[in-house]
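Structure record follows, encoded as structure tokens.
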Amino acid sequence: MKRYLKSLLQMLISMAILGVLVFWMDREKAKWLLQEARYGYLVPAFLLCVTDRFLMGFKFRLLLQAISIRITQMEMFRIYYICSLQGLVIPFGVGPDLLKYWRIRKMGASHADLVAAILTERFLGMAATACLILVSILFLVVRLSAETTILFVLFGILAAGVLVIGGGIFSHAFRTRLLDLLRVRTFSRRPRVEPYYRAFARFEGRQRLLAVFWGLSFIEQLIPVLVIFCSAHALSVPLSLADCLAVIPITTFVERLPLSFDGIGVREMSNVFLFGLLHVDYDTALTFSLVAYGVFLASLAPAAVWAFFEPLWVEPVSDPPRDPV
């Protein structure tokens, strides 16, 4: 019950923030921007959103194959695509993961292995996000300041952050010391935790797989940058890719905080503030931010049709009829 109340509160926060943003917006200017828009730029934005779902499924399938869980790429894409749509209406912020777990578990996958794969996916995704945010902050400071000292300090922080994250993922010795320092190994011996720890151990020594997964995660998280770039150019806003790279990774991180429903309101507020630092006016930034989110929602429409004709549930397997003789 408390979780549902939390989700209701998040919806109210999203509605309140978005309502305030739209109230202060020059709606006549937004209307003019939409009337003069070059909607052809939204086609690649739409395709990028769909590609994002495909890439997510492709990455997770790599982890599943490493622990001997077999599933076709098309089925994995279908699961991610439909779960992304259904996850919009499931509270707690982990809707897609729950649906994905339920579907693949029904196909016979081990509970411990599947949870380990999902947590590994999340960890490597957060590692890629952390690296991209460091790059984003560097780009933002470069756009705002010409101070050489600040740039050198930020570059040092960026390099150190990447080395720490990379060491945690790819260096067995570094990871062992970190686990000992955090007393994770002692915790892992508890009866209810040990099966998950053993499942995680199945990825030990697969540095190449983890490196490929991390690289694909980094590429995947550049897709929202390209989507906002296309959306801005559809409204004839002359943003560069560097401008988008300086803002969108930070916005993506902020919108994932458990403050609002699906990041609505928080995402637009962050875009308005950060693009404002780059001299994009309030009304323009809010308009193309809303257009980009509209393209994302539109990209999930085919998932609704797919889910209608091919639901995700698995039909129970019945025994073959026996010969009465």
- Message: Looking at Ala66, is its backbone amide N or carbonyl O close enough to the side chain of Arg206 to form a donor-acceptor pair, meaning the two atoms are under 3.5 Å apart?
- Response: yes

- Task: Would you confirm whether Ser231, through its side chain, and Val291, through its main-chain N or O, come within 3.5 Å as a donor-acceptor pair?
- Result: no

- Item | salt bridge (charged side-chain N to carboxylate O under 4.0 Å, His left out) contacts touching residues 127-138 (sequence neighbours left out) | none

- Item | Worked verdict on Ser289 versus Val272 for side chain to side chain contact (heavy atoms under 4.5 Å, CB included) | CA-CA 8 Å; Ser289 180; Val272 165; over 6 Å; no

- Query: Got a sec, which residues hit ring-ring contact (aromatic ring centres under 6.0 Å, His included) with Phe218, two or more places apart in sequence or on another chain?
  - Reply: Trp214

- Message: Show, in sequence, the C-alpha distance, side-chain angles and deciding distance for Leu209 and Leu62, and conclude whether the side chain to side chain contact (heavy atoms under 4.5 Å, CB included) test is met.
- Response: CA-CA 8 Å; Leu209 168 68; Leu62 293 178; 3.8 Å; yes

- Message: Is it the case that the side chain of Arg27 and the backbone of Val22 share a donor-acceptor pair, with hydrogens and angles ignored and the cut-off at 3.5 Å?
- Response: yes

- Please name all residues satisfying salt bridge (Lys or Arg N to Asp or Glu O under 4.0 Å) with Asp281, sequence neighbours left out, ordered by chain then number. Lys29

- Task: Scan residues 231-246 for pairs that pass salt bridge (charged side-chain N to carboxylate O under 4.0 Å, His left out), counting only residues two or more places apart or in two chains.
- Result: Arg143-Asp243

- Between Leu21 and Gly265, the two heavy atoms sitting closest are CD1-O, 3.8 Å

- Task: Could you tell me whether the side chain of Glu255 reaches within less than 4.5 Å of the side chain of Ser270, counting heavy atoms only?
- Result: no

- Query: So if you build clusters from Ile, Leu, Val, Met, Phe, Trp, Tyr with side-chain heavy-atom gaps below 4.5 Å, do Val43 and Tyr41 land together?
  - Reply: no

- Listed partners of Lys31 passing side-chain hydrogen bond (donor to acceptor under 3.5 Å, both in side chains), at least two apart: none

- Report yes if some heavy atom in the side chain of Arg53 is under 4.5 Å from a heavy atom in the side chain of Phe77; otherwise report no. yes

- Query: Excluding sequence neighbours, so at least two apart, what forms side-chain hydrogen bond (donor to acceptor under 3.5 Å, both in side chains) with Asp52?
  - Reply: none

- Leu222 side chain reached by Leu245 side chain, heavy atoms, under 4.5 Å: yes

- Task: Answer yes if Leu8 and Met15 sit in the same cluster of Ile, Leu, Val, Met, Phe, Trp and Tyr residues linked by side chain heavy atoms under 4.5 Å apart, and no otherwise.
- Result: no

